[in-house]
Amino acid sequence: MEYILRTLTKKEEVDSIIRDTIDKVLVLRLGRSSDPLCLQLDDILYKSVREVSKFATVALVDIDSEDVRVYVKYFDITLIPSTIFFFNAHHMKMDSGWIFSRSADHTKWVGAFQRKQDFIDVVEAIFRGAMKGKLIVTCPLPPERIPKFQLLYKDV
């Protein structure tokens, strides 16, 4: 699976794909190819890539690569897999409507999608919102299909 989806291991590759993906949603899965949950998400991405190819580009980012650590730190990737969305080099955010959902700032999707259609629906919602000039969109999935993680804050 990982061999078919483009894998980025260098900061320059990530910079380039973010900068050069025009009028399409860029989906970056940050994680490890050895992690079972990442492999589950990779399978869903692989099965969906053809159906979203007209409005999205999908790539995998290996977080173990020392060169992409700047993105891991910048996007606060503490749980994997994390999926980040861009449109015309703008970081797209998604409001999942949950206080205890994975990310209070809505900057990334953490965990695997439960099914292929969930991924397609999310990418399509981001694309439609981006085409209207929005930088944050509402998650089209029902609450029971959105991964939930309670945030724990250090030194609070």
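None of the values given here were measured: they were computed from a predicted structure.
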Quiz item: Does a side-chain heavy-atom distance below 4.5 Å link Phe85 with Val123?
Solution: yes

Practice problem: Please collect all salt bridge (Lys or Arg N to Asp or Glu O under 4.0 Å) contacts where either partner lies in residues 115-132, sequence neighbours excluded, each pair once. | Solution: Glu51-Lys116, Arg115-Asp118, Asp118-Arg145, Glu124-Arg128

Quiz item: Are Leu39 and Val61 linked, directly or through other ILVMFWY residues, by side chains that come within less than 4.5 angstrom of each other?
Solution: no

Quiz item: Do you know the tightest heavy-atom contact between Leu41 and Gly111?
Solution: CD2-O, 4.0 Å

Quiz item: Roughly how far apart are Thr57 OG1 and Arg6 CZ, rounded to 0.5 Å?
Solution: 9.5 Å

Self-check item: Approximate separation, where rounding is to 0.5 Å, of Ile63 CD1 and Ser33 OG
Solution: 10.5 Å

Quiz item: Can you find a heavy atom in the side chain of Leu28 that is under 4.5 Å from one in the side chain of Phe75?
Solution: no

Quiz item: Of all heavy-atom pairs between Val122 and Trp109, which one has the smallest distance, and what is that distance?
Solution: CG2-CZ3, 4.4 Å

Self-check item: Sub-4.5 Å side-chain heavy-atom contact between Tyr71 and Val14
Solution: yes

Quiz item: Heavy-atom distance under 4.5 Å between the side chains of Leu60 and Leu45, does that happen here?
Solution: yes

Self-check item: Interatomic spacing from CG in Leu79 to CG in Leu30 - rounded to 0.5 Å
Solution: 12.5 Å

Quiz item: Once you round to the nearest 0.5 Å, how far does OG1 of Thr7 lie from CG of Asp62?
Solution: 7.5 Å

Self-check item: Closest non-hydrogen atom pair between His91 and Thr107, with its separation
Solution: NE2-O, 2.8 Å

Quiz item: Under a 4.5 Å side-chain heavy-atom rule over Ile, Leu, Val, Met, Phe, Trp and Tyr, are Val70 and Phe86 clustered together?
Solution: yes

Quiz item: If you measure from the Lys or Arg side-chain nitrogens to the Asp or Glu carboxylate oxygens, is any gap between Arg19 and Asp15 under 4.0 Å?
Solution: no

Self-check item: Any side-chain heavy-atom pair of Lys108 and Asp76 under 4.5 Å
Solution: yes

Self-check item: Arg29 vs Val27 side-chain heavy atoms within contact, under 4.5 Å
Solution: no

Quiz item: Going by heavy atoms in the side chains, are Gln114 and Leu141 under 4.5 Å from each other?
Solution: no

Exercise. Given side-chain contact (heavy atoms from CB on, under 4.5 Å), test Thr78 with Val110 step by step and report yes or no.
Key: CA-CA 9 Å; Thr78 53; Val110 172; over 6 Å; no

Practice problem: Report yes or no: do Ile18 and Met92 belong to one cluster of Ile/Leu/Val/Met/Phe/Trp/Tyr joined by side chain heavy-atom distances under 4.5 Å? | Solution: no

Exercise. Taking His90 for its side chain and Leu135 for its backbone only, find out whether a donor-acceptor pair lies under 3.5 Å.
Key: no

Quiz prompt | Within one Ile-Leu-Val-Met-Phe-Trp-Tyr cluster: Tyr46 and Leu26, side-chain cutoff 4.5 Å | solution = no

Quiz prompt | Between CZ on residue Arg69 and CD1 on residue Ile77, distance to nearest 0.5 Å | solution = 11.0 Å

Quiz item: Of the non-hydrogen atoms in Ile80 and Arg32, which two are nearest, and what is the gap between them?
Solution: CD1-NH1, 3.2 Å

Self-check item: Least distance between heavy atoms, Lys11 atom then Val68 atom
Solution: N-CG1, 3.9 Å

Self-check item: Non-hydrogen atoms of Phe119 and Val52 that approach each other most closely
Solution: CE2-CG2, 4.3 Å

Exercise. Taking the side chain as every heavy atom from C-beta outward, state whether Ile22 and Asn88 have any pair of such atoms under 4.5 Å apart.
Key: yes

Self-check item: Ile120 side, atom CD1; Ile44 side, atom CD1 - distance, nearest 0.5 Å
Solution: 10.0 Å

Quiz item: Short question: side chain of Lys24, backbone of Ser53 - any donor-acceptor pair under 3.5 Å?
Solution: yes

